[in-house]
Each structure stands twice: as C-alpha cells, then as structure tokens.
Amino acid sequence: MANFEYNPKEIEKKWQDIWDEEEAFKTSTDRSKPKYYALVEFPYPSGQGLHVGHPRPYTALDIISRKRRMEGYNVLFPMGWDAFGLPTENFAIKNKIHPRIVTENNVSRFKNQLKSLGYSFDWSREINTTDPEYYKWTQWIFLKLFEKGLAYKTEMPINWCTQCKVGLANEEVVNGVCERCGGEVVRKVKSQWMLKITEYAEKLLNDLDLVDYIEKVKISQKNWIGRSEGAEVDFNIKDTDDFIRIFTTRPDTLFGATYMVLSPEHPLIDKYKEKITNYDEVLEYREIASKKSDFERTELSKEKTGVPLKGISAVNPVNGNNIPVWISDYVLMTYGTGAIMAVPAHDERDFEFAKKFSLPIIEVVKGGNVEEAAYTDTETGILVNSGFLNGLEVKDAKGKIINWLEEKKIGKRKVNYKLRDWVFSRQRYWGEPIPLVYCEKCGWVPIPEEELPLTLPEVENYVPTETGESPLANIRDWVETTCPKCGGHAERETDTMPQWAGSSWYFLRYTDPHNDKAFASKEDLDYWLPVDWYNGGMEHTTLHLLYSRFWHKFLYDLGYVSTPEPYQKRTSHGMILGENNEKMSKSRGNVVNPDDIVNEFGADTLRTYEMFIGAFDQSAAWSQQGVKGCRRFLDRVWKVQDIIVDGDSFSKELEVKMHQTIKKVSLDFEQMKFNTAIAAMMSLINDFYSNGKVTKGEIKTFLILLNPVAPHITEEMWQLLKFEGRIYNQKWPVWDEEKTVEDTIEIAIQINGKLRGTALISLNEEKESVKEKVMSIDKIKEILEGKTIIKEIYVPNKIYNIVIK
RNA sequence: GCGGGCAUGGCGGAAUUGGCAGACGCACUAGACUUAGGAUCUAGCGCCGCGUGCGUGGGGGUUCAAGUCCCUCUGCCCGCACCA
C-alpha cells in the first residue's frame, strides 16, 4: 500500500500551504464557543536565527492549542516579535544598517523558520513592538502612568554599563557586569524616568493567591518583592532636634542597639558637616563607595569597612544611652530609610562590624554566646537586659515594644519591600520614544494623545553620546518643539523606553491587534482574558512577569481590563543543552540549528524529539542519536499503512491498549508530560506491528492522538487513507474508563516482601480464590515447606504477600 | 550565606495512594535479508561469584512491602545575594 517513502520535505511544505490557504488556525469570531488563550513568550528576533531551544515551548503549547481546538474551543494562539533592543542596535551601529532594516531581516528569517515547523499560530494577529502602530499604545499606556503619578523623573545613582554606555536596571546587572555585553558596570548619577511599581507591591504579592503558577515561579515573585514586617524608629541626634529614622525587623532588640550606621549617601551627613570633625575622612569614604559597583561592594564584603561620624552621637530612645554613629557601605540607601540601628549581639553583619571596630556587644536575647557569634534565632529566645521586655519571648517582645514606640510617638509598625521602583529610561535609539516634552514654564508635559505615536526620527548615527545622552539628543530639530500646554519653547525627552516596555502588555494587543482606536477593544479583552496558559523560560519569571502583571493591574484599576491578573496559569520549560551537556553557545561550538534538523529529518521529527527529549520542565542535553530514534518512530508510523484492514471499531486484541493510550496521551499532554505521552504512542505502534494488523478505526484514533505532536505526517496519512475532511478539525478521542483495564491480570507473589512468582487472576478476583491459585504453585509450595505462615496480605489486582517464619 | 531543584543501567529517562524497579528511546550484541549497510526486520540487553544473591548518591529508621515516607550525610545544578 505505502509503496512510496515517507518524504517529510514534500508533505510538510504541502500541508503548511494548505493550512494557510484554508486559514485552518485562524482564530474564530464565534463567541458561542468556550475560549482558550494559549500564550508563549514572543521571541527577540536576533541575528542568529532560531536555535533549538525556541521550539521546545512553542511545540508544547502548539500541542495544547491543537488539542483544545479538537475539544471544541475557540483558540487564540498568537505570535509576534519583541524587536526593540540592544543587539539589533549594536549590529546596526557596527554594520551601518538602520536597525529597522536589521529588524525586518531578522523577523523575516525567524518567521520563515517558525513556519517551517508547522505551528498553528494565527499569523493574521502577528505583532511587532517596533511597529509605530504598536508602540503608539505602549506610549499611550506610559502617558496614563504619567497622568496617574506613577511615572516620575528623579536623580539617582544608576547602574551604568561602561561599554554599552547605557543605564541598566538592577536586574540587568549579572554578577557585576552587563547582562548583554559583559561590560563593567559602575554607579553613575543621572536623571531617570522611574515607574512606581512599589505602589503595587502588596497587590503583586497578595494576588499570587489568585493564580495557578508553578510553585517555584510564585516563590521567585515573592522573593523579589521581598516583604518584611518590622518597625521604624526615630533616634534623636544628641543636642539637636533631628532624628535618624531607621527600619528594623527586630524592634525587640532595641536595648541591644550599641551604635548606628548610615549609608554613605545619607542626606543627614551633609546637613551636619559642620559638626562632623572628620568630615574629610567621611567624604573620602563616600567617594570610594560611590565608585564601587554593587558587585564590588558585595564582593569585598568579607571585610567590613566604615568611618565613624566624629562629633555626632545618637540617643537610644529606650534607655537614653549615647551611641556612636558610623557610615558604612553595608547599609544601602535604597532600602528602608538608609540607616540602621546596629545590634551586634543579634545580627551577623552588625556583629562582624562591631568586632572589627571594637564596638560594644550587649546580649538582649538569651540562647547563644554573643561573644562568639550573633544569635539570630527568633523562635526560642527570652529577652534579657531589656528593661520592661525582660522575660518575654521574641515574638511577644516585638508586639510590646512596637506598641510602646507608637504610644511615645517615636516609632511605628512598618512593612518594607525589597522591590524598588523600575528605572524606565534608556539612553538609546532603538526603543520607544518617551512621549513627553519639557517646558521651562510648565515642566514635563505629555504630548497630546492624537499626536501618538511619537515616532523615532531618522538619524545618521545611533551611537549614544559620550556624555551618556541618547543619540536622539543630537537631532536638534526633533528635540526642539513647542509646549502643547502653553505653546512656548519646549524640548523633547530624548531617553527611550527599556525593552521590557513592549512586552509588558503584548498579550493584550493579540486580542485585537489591528485596532486603531484603542490598544484593544473592551469586548475582545473581556472575551479573551485572562490568558489561560502562559509558558515561558525561568529567566523571565521574575522581571517580565512582574512588570507585565504591574501594567495589567494598573490598566485594571483604570477599568480597561476586567481581570485583576493577566495570566491564569504559568509554566516553565527547561533549557536545551548541547551534546556535551553545556549551555549551547557559539563559543562552545555546540549549537544545533533547527533548519539542519528540518532538512535532514523533517519538522515532525524535530517536534517529536523536542518533546521526547526529557521532562519538559527540566534541562536536557541534545542528542543526534535521539533525533534519529524519533525519525525511526515516524517511519514506522508511516509504514503502518501496509497492515491496515477494514473496520471502524477497535479490534478485540487492541481495545484495552487503545483506551489506555487515549487516556495516557490525553492526561499526559495536560500535565506537559510529553515524553511519556510519546512513549505510550511508540508502544502502541509496536503493538500494531506485533498484532500484524490495524483497523481503520485504530489508525484513525492513533493519528489524531499523534497529530498535535506531528501534524504534517498525520494530516498526509489521513488524506492517503481517504478519511473524511482534515485531521486538524477532527474531534479529540475519549476513553472508556472501564475498557482501560484487562480482565486478566498478572499479580506478583511475594514471600517476606520478596518476589517469588506471579499468578494470572481475573480482575477483582476474591482473596480466597487467589489464595488457592497462589498455594498451588510448585515453587511457592516448596518455599513454604516446613515454615509457619504468620500473615497474608492481598492487595487486589496488585500483589499477594505471604509472611513466614 | 539564603531560597529552590536534582541524584535510578553504558546513555536520555519511566514508575497513581508505598505494592513485580528500569516503560519508551538511544547505544550495544547475535541472527535474517543483502554486492554493500551508518537501511530494514527478528531476538537479546541492570550487576555479579548465577544464588533462597546484589541493586534507585552514602548511612540509619518506619513498614508485610520503600526509588517513593522519616532522620542524617555527600555531591551537582539554578535563582538571590550585606534588604537591616
């Protein structure tokens, strides 16, 4: 029958064209169907093209999407391009090609590659963050944030990449170097646009309860937000009316505070420069600290450094003791109040500092030896040396001292977050222009909505200026403009937005991508949101997820979207490593190009292998041999055509196996256990061959099960076997639970827990009758000879265990 | 340092509530078909001293029964990293 070879090259192109022509995967406008929104992270179209890591999540959700369509859902499964960003710009600078052209080329390459893999994306909804029709709305959302006071400009030390000459968010600094280029990062003070994500800290944390994210994603969100409860306490600066406000999570240890530490940047230092007798020394320390990158600050942490503020002392409010004030870079200006009370007896960092500078250590919680090490246990300790707190447990002491502080109005209960506001400025060309102008008279003024998008001007040169200004700053006729408010002279903001901007709301645009009246219509947003299943890499689980949740919540508060959370479910895929078990990279020479796999083996083989390679959420090493095995499987699927016989139902021999496989594949797909689902299908194919024949009913079901994984070969066979219509719009098969179990079962016979034989029994056979069978087996009789049976345990349909002495 | 994850044949990896460890694939071995085989098919394939033997990183425990539960130790991977 199959007198021709399986030829993926031919059939894959053929079916991709047919699907396009038939608009097979175009999202339906039929609102009567239940909706399903499946989302994968849209790629950054790099110059390298697709690598084999990309298809892993795409294939996974393509499988889910194809299955959902067969289950009767109206499915939205879109794709687009996160195309602003540094690599494109750097490439453009180097090769003197406009980044728009570079982007176009990269996108077209990526798109061809994705198309060759047969994904069921609705390409009519393709979006591109660099398209003015798209970034118009990115700018629009920014203006809303500005309008609501959530965008502000401030002078602040930022991480400055000396190589890219660009400001980086904390998150983009990895191990002290620039995440993208690996260049040195130093601190530099610049005026920056910031977004007040901290205002949403509590909601971003609490609403994690509303969603179904894998646990490790929730944990990383929580850690990043970093909520901690404690108190703010004011310490009087002796002989002044000023106070040093500190934040502590251990107000119970207040009696043990023997000195204070300010961050080197703390403003009170300037205020009291007259009083500080060693001010030169202080300035010198501050200078050194500011030059250090965050990385150096932490790297050199083995040894604490600091300078006392001579001439200044503070008063511990609980006991009136005078205590010295120091500055040290282990106290960060960006957390809490930039100042701490130091309790060396019960904080490791303070302990280390106190030991180095011979500062007093007072034990206030019993349980350790505070001469040897800080005692930080909060569960068991009892307060000592602490006046009215003596004898209390830590948790009770905390409550009591906070009440006391609040009564005396020298402190209050306080919640702090590690999360900081989002640095939203980039001094770069290839990003969304920030749609604000600065007017001497009116200050920062948004450009009118009808003038959006504010497009990027054409420039000769994309290199940032030496001073760190964006290249836009050099285009005077773009910069110079009039104030929309007063009509006077004004200048445009020349910073652009970070790459995170466009990806913070792209999932909303997919619901209505061509709308020119709104970022998406309320109707489409209401129907499609939330995203039912969002899969992406672990590397995006903190930032992208947090940022896009923030924007979504902001739009929710404004009434534009109707769900408090954007993504109902979030899963994560593991990385694909090279054959040598190392991360794939050019320099390691272990990169596998998906095009080569498609050419040699076919897209269906690539898809099958990517899903078979191992547990979806774990990293897995590529194996060319493994790819071959999957191709061999598809060859065997193809050749099954030789043994097909008539019959719409399942044969008696295979009925149970068929139902078991339908069940296994259906459930495994849902749990992203693609590897075992494919294993089950391989096993079924093996059974087809050992059975010597397959009915049309069996092959039909098999092809539908395999279709989400290998859509081309199954579509082709469906046609060759003259089944009706297209496989892509068949119904997903259902299993009959009763038919998933054989009526004859082999059980294990154990003696003292060790396997000593097996017996065939009928399903749910009574213990007595099973016992008879077991006791009649020669080998069992032999072992039992002369022994005493103490106990017999029968687990129905599983084991029969005899305990003897 | 803190948080999370992992450890099973030669390799990738399977194993509901504890219930026949090693599904499925790769590699390997033997045979068949062949001028040929890096194609295909058939069979075998955890280890050894071949036993009433041993075996899921090491040690201990609970249980009739442990990869799975508890205690403890070791090693690897990924986040975060002076967050008061």
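Below, chain A is the first sequence line, B the second, and so on; all start at residue 1.
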Taking rC24(B), rC64(B), rA84(B) as options, the one with an atom nearest any side-chain atom of D347(A) is rA84(B)
Are any non-hydrogen side-chain atoms of I749(A) and K779(A) less than 4.5 angstrom apart?
-> no
Which of T541(A), L545(A), T571(A) passes side-chain contact (heavy atoms from CB on, under 4.5 Å) with Y213(A)? Answer is L545(A)
Taking side chain to side chain donor-acceptor pair (under 3.5 Å) as the test, write out the residues that go with R250(A), two or more places apart.
-> D252(A)
Given that M682(A) and V803(A) both sit by RNA chain B, which one's nearest nucleotide is further toward the 5' end?
-> M682(A)
For H573(A) and D617(A), run side-chain hydrogen bond (donor to acceptor under 3.5 Å, both in side chains): C-alpha distance rounded to whole Å, both residues' side-chain angles, the deciding distance at 0.1 Å, then the answer.
-> CA-CA 4 Å; H573(A) 56 267; D617(A) 60 345; over 6 Å; no
Can you tell me, in whole Å, how much space there is between the C1' of rG22(B) and that of rG10(B)?
-> 14 Å
On RNA chain B, check which nucleotide each of G338(A) and R756(A) is closest to and give me the residue with the more 5' one.
-> R756(A)
Out of rC82(B), rC64(B), rC26(B), whichever nucleotide has its closest atom nearest the side chain of Q625(A) | rC26(B)
Between rG58(B) and rA43(B), how far is it from one P atom to the other, in whole Å?
-> 35 Å
Taking only Lys NZ, Arg NE, NH1 and NH2, and the carboxylate oxygens of Asp or Glu, determine whether K639(A) and D635(A) approach each other closer than 4.0 Å.
-> no
Determine the interatomic distance between P on rG57(B) and the same-named atom on rA14(B); round to the nearest Å.
-> 14 Å
Go through I804(A) and T788(A) one step at a time and tell me if the side-chain contact (heavy atoms from CB on, under 4.5 Å) criterion holds.
-> CA-CA 5 Å; I804(A) 59 172; T788(A) 322; over 6 Å; no
Would the Y417(A) and Y335(A) ring centres measure less than 6.0 Å apart?
-> no
How would you label the contact of I340(A) with the nucleic acid (heavy atoms, under 4.0 Å): base, sugar-phosphate, or nothing?
-> base
Between rU74(B) and rC82(B), how far apart are the C1' atoms? Round to whole Å, please.
-> 29 Å
When you compare rC71(B) with rA23(B), how far apart are their C1' atoms, in angstrom units rounded to a whole number?
-> 32 Å
With a 3.5 Å cut-off and no angle check, do the side chains of Q750(A) and Y800(A) form a donor-acceptor pair?
-> no
Near-ring test F688(A)/F702(A), centroid separation under 6.0 angstrom | yes
In whole angstroms, the gap separating C1' of rC82(B) from CD of E303(A) amounts to 14 Å
Under the 3.5 angstrom rule, does the side chain of S572(A) hit a backbone N or O of G536(A) as a donor-acceptor pair?
-> yes
Looking at Y330(A), does the NZ or CZ of K304(A) lie under 6.0 angstrom from its six-membered ring centre and within 45 degrees of the ring axis?
-> yes
rA15(B) to rU62(B) separation - C1' atoms, rounded to the nearest Å | 22 Å
Per N686(A) side chain, nearest of listed nucleotides rG53(B), rG25(B), rA84(B) | rG25(B)
Please measure how far the P atom in rU8(B) lies from the corresponding atom in rU68(B), and state the result in whole Å.
-> 14 Å
Backbone of L577(A) reached by a side-chain donor or acceptor of E582(A) within 3.5 Å | no
Given atom CZ of R227(A) and atom P of rA84(B), what is their separation to the nearest angstrom?
-> 12 Å
Treat primed atoms plus P, OP1 and OP2 as sugar-phosphate and everything else as base, then score nucleotides 12-22 of chain B 5' to 3': B for base contact with protein heavy atoms under 4.0 Å, S for sugar-phosphate contact only, - for none.
-> BSSSBB-BB--
Touch class at under 4.0 angstrom, heavy-atom based, for G629(A) against every strand present | sugar-phosphate
With rounding to whole Å, what would you report as the distance between rA39(B) and rG18(B) at their P atoms?
-> 45 Å
5'-to-3' dot-bracket of RNA chain B (Watson-Crick, G-U; under 3.5 angstrom; crossing pairs as [ ]; | other strand) | (((((((..(((......[....))).(((((.......))))).(((..).))..(((((..]....))))))))))))....
Calculate the interatomic distance between I214(A) atom CD1 and rG79(B) atom C1'; express it in whole Å.
-> 13 Å
Roughly, in whole Å, what's the span from CD1 in I790(A) to C1' in rU63(B)?
-> 14 Å
Protein-nucleotides 40-48 of chain B N/O pairs closer than 3.5 Å?
from    : atom 1 : to      : atom 2 : distance (Å)
rC41(B) : OP1    : R636(A) : NH1    : 3.0

Any side-chain heavy atom of D350(A) sitting closer than 4.5 Å to one from I361(A)?
-> no
Mind telling me if rG9(B) is syn or anti? Syn here is a glycosidic angle within 90° of 0.
-> syn
For nucleotides 36-38 of chain B, print each protein N/O atom paired with a nucleotide N/O atom at under 3.5 Å, atom names and distance only.
none

Residues at least two apart in sequence or cross-chain that pass salt bridge (charged side-chain N to carboxylate O under 4.0 Å, His left out) with D234(A), listed by chain then number, are R245(A)
Looking at every strand, decide which applies to T542(A) at a 4.0 Å heavy-atom threshold: base, sugar-phosphate, or nothing.
-> nothing
